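Atom set for the values below is all heavy atoms of this structure, side chains included, hydrogens, waters and symmetry mates excluded. Please read all numbers here as calculations on a predicted model, not as lab measurements.
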2 protein chains.
Amino acid sequence: MKYHHHMAERFDTALDRMLEVVVLFDHDMRSTLAARGLSTSRAHLLWEIHRHGPLSQRELAQALQVTPRNITGLVDGMAADGFVLRGPDPADRRISRVSLTPRGVSTAEEMRAEQQELGRTLFGTMPADTLDGLVRGLDQVLATLRPLIDRSN
Amino acid sequence: MKYHHHMAERFDTALDRMLEVVVLFDHDMRSTLAARGLSTSRAHLLWEIHRHGPLSQRELAQALQVTPRNITGLVDGMAADGFVLRGPDPADRRISRVSLTPRGVSTAEEMRAEQQELGRTLFGTMPADTLDGLVRGLDQVLATLRPLIDRSN
DNA sequence: TATTGTTATACTCTATAACTATA
DNA sequence: TATAGTTATAGAGTATAACAATA
């Protein structure tokens with residue numbers, strides 16, 4: 001009984017740390033993106049195209065786990081702001097292929113560079129064994145969490 | 001040069017794990033809350049009152065880092081759904097004190113129980129030294145991240 | 001018939017500004 | 001005058017449903 005109580009406190013501590021990390025990361029990401037005129041959704045869309053090349057709006061809807069209607073709105077706004085461009089599909093005239101403008105590409109690359117910079121800030125002064133322990137712990141958390149989330153989809 | 005490149009990969013790996021944890025936690029929290037008829041904002045409001053007792057809408061606006069106008073809307077909706085209740089302030093008739101209904105209290109307690117359950121799920125099978133390493137790593141990340149966020153506010 | 005994307009409509013969270021009632 | 005909360009209005013992200021163009 002005493003043992004269980006003791007463990008419960010350790011779990012709570014660990015979970016508190018995880019939750020605070022989630023909140024602070026979310027906050028940091030939002031302000032970084034906002035400085036570039038991007039919301040979380042817009043950044044996600046930009047990133048998917050940067051990784052996979054020009055995508056149809058249907059494909060974007062699946063990648064962002066959102067209805068096709070929302071992609072229309074996101075692409076409208078991002079096209080107006082010069083991040084993306086609608087183009088025809090060579091084989092299917094129903095499809096609108098969304099690609100990045102030069103500005104979209106450079107924004108994606110800057111986001112990537114800032115992410116690496118954050119990595120250096122967070123881990124650059126961390127002892128190697130602490131970093132190893134962190135990654136090992138996170139990997140185990142992810143191994144438990146991933147199937148939990150998959151099941152709920 | 002080779003050393004730096006090596007470290008950069010280690011940082012990227014660690015950051016990737018952190019970001020995936022953030023995304024999955026966020027997803028898990030949202031679906032857990034949605035099952036109870038709560039959004040993230042509503043849950044935050046509920047939690048603040050549960051921790052601190054009845055609060056004025058001004059205090060809630062500060063706690064949620066949101067304009068007072070939004071509290072009006074959140075409280076309207078949550079009162080309609082039976083989670084909270086507006087009451088008078090004994091000393092100042094301008095103030096609307098928001099407190100939890102019995103349903104609000106039990107919802108907050110259920111959320112807390114589910115959080116502990118998640119802690120058991122994630123950490124219950126984790127070796128003690130791995131858990132220690134995880135917490136140590138997260139603490140160092142938070143020590144770097146907290147001042148970064150504070151500065152941006 | 002089925003698929004792609006759009007128009008029409010509505011809900012939640014967010015913000016600013018003007019206003020009411022208290023202090 | 002200053003504060004607490006509301007009404008009025010607007011914008012972003014989300015959802016469903018009906019529809020046009022294309023397959």
Seminar exercise, completed: Sorted by chain and residue number, the side-chain contact (heavy atoms from CB on, under 4.5 Å) partners of A/R93 (sequence neighbours excluded) come out as none
Exercise. Please give, in whole Å, the distance from D/dG13 C1' to A/L64 CG?
Worked result: 11 Å
Exercise. Between C/dT16, C/dT3, D/dT16, which nucleotide has the shortest distance from any of its atoms to the side chain of B/T67?
Worked result: C/dT16
For this session: Establish, yes or no, whether the cationic atom of B/R120 lies under 6.0 Å from the six-membered ring centre of A/F11 and within 45° of the ring axis.
Result: no
For this session: Please report the closest heavy-atom contact between A/R36 and A/F83, naming both atoms and the distance.
Result: O-CZ, 3.5 Å
For this session: Round to the nearest Å and state the distance from B/R58 atom CZ to C/dT22 atom P.
Result: 16 Å
For this session: Identify the heavy atoms of A/V75 and A/V84 that sit nearest to each other, and give their distance.
Result: O-CG2, 4.0 Å
Problem set entry | Distance, rounded to the nearest Å, where B/R69 contributes CZ and C/dC13 contributes P | 12 Å
For this session: Nearest whole angstrom, please: distance from the P of D/dG13 to the CG of A/L60.
Result: 14 Å
Seminar exercise, completed: Of the candidates D/dG5, C/dG5, D/dG13, the side chain of A/S41 sits closest to D/dG13
For this session: Return no unless some side-chain N or O of B/Q57 is found under 4.0 Å from OP1 or OP2 of D/dT6.
Result: yes
Exercise. Once you round it to whole Å, what is the distance between P of C/dA23 and CG of B/D89?
Worked result: 10 Å
For this session: Would you indicate which nucleotide in C/dT22, D/dG5, D/dT14 comes nearest to any side-chain atom of B/D92?
Result: C/dT22
Exercise. Taking CG from B/D76 and C1' from D/dA4, how many angstroms apart are they, rounded to a whole number?
Worked result: 15 Å
Exercise. From the list D/dT6, C/dT4, D/dA15, which nucleotide is the closest neighbour of the side chain of A/R94?
Worked result: C/dT4
Problem set entry | Selection from D/dA2, D/dG5, C/dG5 that lies nearest to any side-chain heavy atom of A/I95 | C/dG5
For this session: Would you kindly give the CZ-to-P distance between A/F83 and D/dA12, to the nearest whole Å?
Result: 13 Å
Problem set entry | A/P147 versus A/L142, closest heavy-atom pair with distance | CD-O, 4.2 Å
Seminar exercise, completed: Out of C/dG5, D/dA4, D/dT14, minimum distance to the side chain of A/N70 belongs to D/dT14
Exercise. Has the side chain of B/R93 got a donor or acceptor atom sitting under 3.5 Å from an opposite partner on the base of C/dT22?
Worked result: no
For this session: Among D/dG13, D/dA15, C/dT6, find the nucleotide with the atom closest to the side chain of A/R86.
Result: C/dT6
For this session: Nearest whole angstrom, please: distance from the C1' of D/dA15 to the CZ of B/R30.
Result: 15 Å
